[in-house]
Amino acid sequence: MLKPDRPVGIVGYGAYIPRYRLPATEVDRIWTNGQGGTPVREKAVAGPDEDVVTISIEAARNALARAGEVRPSLIRAVWVGSESHPYAVKPTSTIVAEAIGATPYTQAGDWEFACKAGTEAFQAALGFVGSGMARYALVVGADTAQARPGDDLEYTAGAGGAAYLLGPAEESLAVVEGSCSYVTDTPDFWRRAYQRYPSHGGRFTGQPAYFKHIVAAAQGLMAALDRQPSDYTYVVFHQPNVKFPQTVGKQLGFTSQQLAPGMLCNEIGNTYAGSSLLGLTAVLDVAAPGERVLLVSYGSGAGSDAISLLITGAITERQGRAPRTRDYIARRVEIDYATYVRYAGKLIM
Amino acid sequence: MNVAGNWRLQQQRYRLVGEECEKCGTLIFPPRDLCPECEAPAKMPYVFSGQGEVYSYSTIYSPPRGFEEFAPYTVALIRLKEGPMLTAQLTDVESDKVYIGMPVEMVTRKIQGGDEGNPIVYGYKFRPAHLG
Amino acid sequence: MRDVAIIGIGQTEVGEHWETSLRHLALRALQGAMQDAGVTQVDAIYVGNMLSGELAGQEHVGALVADFAGLRGVEAFKVEAACGSGAAALRMGYMAVASGLVNLVAVVGVEKMTDALGPDTTSALALAADGEYEAAQGVTFVALNAMLMRRYMYEYGYSHQDFAPFAVNAHRNGVNNPYAMFRFPITPERFATAPMICDPINLLDSSPICDGAAAVVLAPAEAARALSTKPVRIAASAVGTDTLAIHDRRDPLVLDGAILSTRRAYEQAGVGPQDIDLFELHDAFSIMAVLSLEAAGFAERGRGLRLALEGEIGISGRIPVSTMGGLKARGHPVGATGVYQVVEVVQQLRGEAGANQVPDARLGMAQNIGGSGATVITHILERME
């Protein structure tokens, strides 16, 4: 189990989801004459002027708004996890750091581990703050996920992100009780350099990949903390579709009531590095002091990070300081496949 | 692509850093280092809230070079809550929903996506206040 | 300071000159003006031009024009003040002659816009705006004017159709000007249904992209009578400036630069708006015509449009504007426009305006605007009795 010497918590959190929605039936209409199934109802699509940088900036601003009095110049790390960084070479994080006023005396870096790039940055920040090297560290998980036209992934590959400002437990709205990572070399999903779209192993992405890693990380952490599923009010998993998190929840012994508040996949799709972290912002929006949250991410390649959180009394007053996750979900403009093709940069100009 | 020129303007573009005149208190955006009211040197940074309202607007269908990917887009003169006016694109809003006096808030977005060989330019745009 | 007179005028047709390059356009206008003045030599050439580098791939056009005009060796350079470049060049020529440093000056305004493609022209014209805070946001020059027009409509309660008289008047006058680009009349109904360019500006609110060149020859007024049978005195030459960016203005619906420029011109000429027989204003967009009329003192704030609605801008109206078609119908080859305006005022004062002649025109004013109002150059011309 990963547990810092000095207690660390979430001082502020923020979500961002673009306003455009592509109904899965649109993908179905184009590629299967409307005869295929749909793994989610719809997904969030970034507007033409949005990317991981702009998503991260707004999420980070929301996190800082909830943190209240924290001066951005005290943030010692700005870390952005994503698999759709706008540049191959040139950090996303420096742009975000500049935009929130955290520069220049700060660490900045981009993280990459498929859909768990955000939670691994979160864990690294635990170490940064927990060691006393930094008072605050800001982590973001965000994506504008790519999918090959007609691929199964095109129904779900969405856009969105979440940011967390980690700091001393005494200033926090949720305290990190512990964390656990479980990683193996499992090639279930990948994108080679210079490739526009990722490839995946079909059904291989299920049992030996998603399920095995999430179950192992969750059980490892609960065992180390001597916890049962019933100790948690909420559980949030990585959400590549609606079915996987429901199934893995059942396997681990969680109820659908514990899962529901953080389940966003049906409404915004799979936001990759943003997925589990956005599920967590939705939970924090409604959580009450004394409640516990278990978060388990999954990143292809493969690994899972489990994080256990205890909500503090500070949360109530901070929830309303920035737009809630559900506010962004409610801000919905439906688009058709043609508009999606344009916004997602699939139109050759 | 003017790399250095865009870099130089990042502070005002990313987060509306303007200036405050230390002599007469006038708030200045865009920054000009000289108070437009009293002509005194004004270099004290002032970060604007990003809240404002639409003074006027129009929609562009024939964009200049470098902006094609965003067309059609709506541009506006925005009167900031603190006083100064600026010119910016509106985003996350359909052009027929815009009106004079509409409350707006600043967001940081891609101003120019650049072609594959050039840097992306980020900067302020405005959307309807409270997420629209 | 010496009085300065215009002793010769020349112009090319405004339009799409596919067969003619920038230098040859300038040359034709220059030769026309020198012929009209009856001179074969000048001491200096000032070329008004805005976008030769951007659109025609050529800077350094002063010496170029001198060379191709067979005047190699004379003083020559380009003057740039966005769409006000033509009048700025005239102002330079006026100052040169008035100061006594130079005797005979040729002023040429030239623009070659049609060699470039649409988006490049749009980008180039936006260079007249504030590059870092207007153009960098993707704002076009038309959009800046559209925002002014919308605000004007909002503040004073006008409809878009209320602007129709400007386009109708300009086209009516363009019919009789052999140099005009558009020589057909339009109806208010056609104005109402014209394609939208940049809401609320439609095609008939805006001047066309085109090529053209115009020129004048200046001489000291005391020598003018010997050189010309119909000299025209420059009674005033004045410039006012304002912020490049509209958002930096005290009030975007008030052209402070134009107020300064016209006030200075009136003072220099010792006249007022009531003395002006015709006004070649800068109707690049109909909203600019309205704001100019107000800034020049022909109407109160918010009332400029009323003048047009009451029929006062026609040839026989209280203040005739765009008497040879204006920027709208004659055309707006940007850097040449200021010189075209002055050439047309000279035509009126000489009594050579044909069917568009303003009866007994004695005093005419031309106002050329750079950008959305940052440079405003006003000339008042007087028929020399």
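These values consider heavy atoms only, across backbone and side chains, with no hydrogens, waters or symmetry-generated copies. So that the names make sense, note that chain A is the first sequence line, chain B the second, and so on, each numbered from 1. Keep in mind the model is a prediction, meaning the values are calculated, not measured.
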Could you go through residues 71-79 of chain B and list every donor-acceptor pair under 3.5 Å that involves a side-chain atom there, pairing it with any protein atom two or more places apart or in another chain?
{"unit_1": "B:Tyr73", "atom_1": "OH", "unit_2": "C:Gly138", "atom_2": "O", "d": "2.6"}
{"unit_1": "B:Thr74", "atom_1": "OG1", "unit_2": "B:Thr59", "atom_2": "OG1", "d": "3.0"}
{"unit_1": "B:Arg79", "atom_1": "NH1", "unit_2": "B:Gly83", "atom_2": "O", "d": "3.0"}

Pairs under 3.5 angstrom only: tabulate donor-acceptor contacts from the side chains of residues 34-41 of chain B to other protein residues two or more places apart or in another chain.
none

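Between B:Arg65 and C:Thr121 the shortest side-chain heavy-atom distance does not fall below 4.5 Å. Between B:Ser62 and C:Val142, the closest side-chain pair of non-hydrogen atoms is not below 4.5 Å. In this structure, the side chains of B:Ile60 and C:Cys198 come closer than 4.5 Å at one or more pairs of heavy atoms. Between B:Pro30 and C:His247 there is a side-chain heavy-atom pair separated by less than 4.5 Å. In this structure the side chain of B:Met85 never reaches within 4.5 angstrom of the side chain of C:Ile246, judged on heavy atoms.
In this structure, chain B has heavy atoms under 4.5 Å from both the backbone and the side chain of C:Ala136. Heavy atoms of C:Ile197 lying under 4.5 Å from chain B belong exclusively to its backbone. For C:Ala126, no part lies under 4.5 angstrom from a heavy atom of chain B.
Put simply, of C:Ala135, C:Ala146, C:Ala124, C:Pro252, the one with the most heavy-atom pairs under 4.5 Å next to chain B is C:Pro252.
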Test side chain to side chain contact (heavy atoms under 4.5 Å, CB included) on C:Glu132 and B:Leu9 and set out the steps. CA-CA 8 Å; C:Glu132 294 182 350; B:Leu9 298 171; 3.6 Å; yes
Walk me through it: do C:Gln137 and B:Leu86 pass the test side chain to side chain contact (heavy atoms under 4.5 Å, CB included)? CA-CA 10 Å; C:Gln137 307 300 324; B:Leu86 54 73; over 6 Å; no
Apply side chain to side chain contact (heavy atoms under 4.5 Å, CB included) to C:Tyr133 and B:Gln12, showing your working. CA-CA 10 Å; C:Tyr133 296 102; B:Gln12 48 260 51; 2.5 Å; yes
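A pairwise comparison of heavy atoms in B:Ser58 and C:Ala143 identifies CB-O, 4.2 Å as the closest pair.
Among residues 46-56 of chain B, the residues having any heavy atom closer than 4.5 Å to a heavy atom of chain C are, in sequence order, B:Tyr55, B:Ser56.
Listed by chain and residue number, B:Tyr57, C:Asp199 satisfy the side chain to side chain donor-acceptor pair (under 3.5 Å) test with C:Arg150 (two or more places apart in sequence, or in another chain).
The main-chain N or O of B:Thr87 is never found under 3.5 Å from a side-chain atom of C:Glu134 such that the two would form a donor-acceptor pair.
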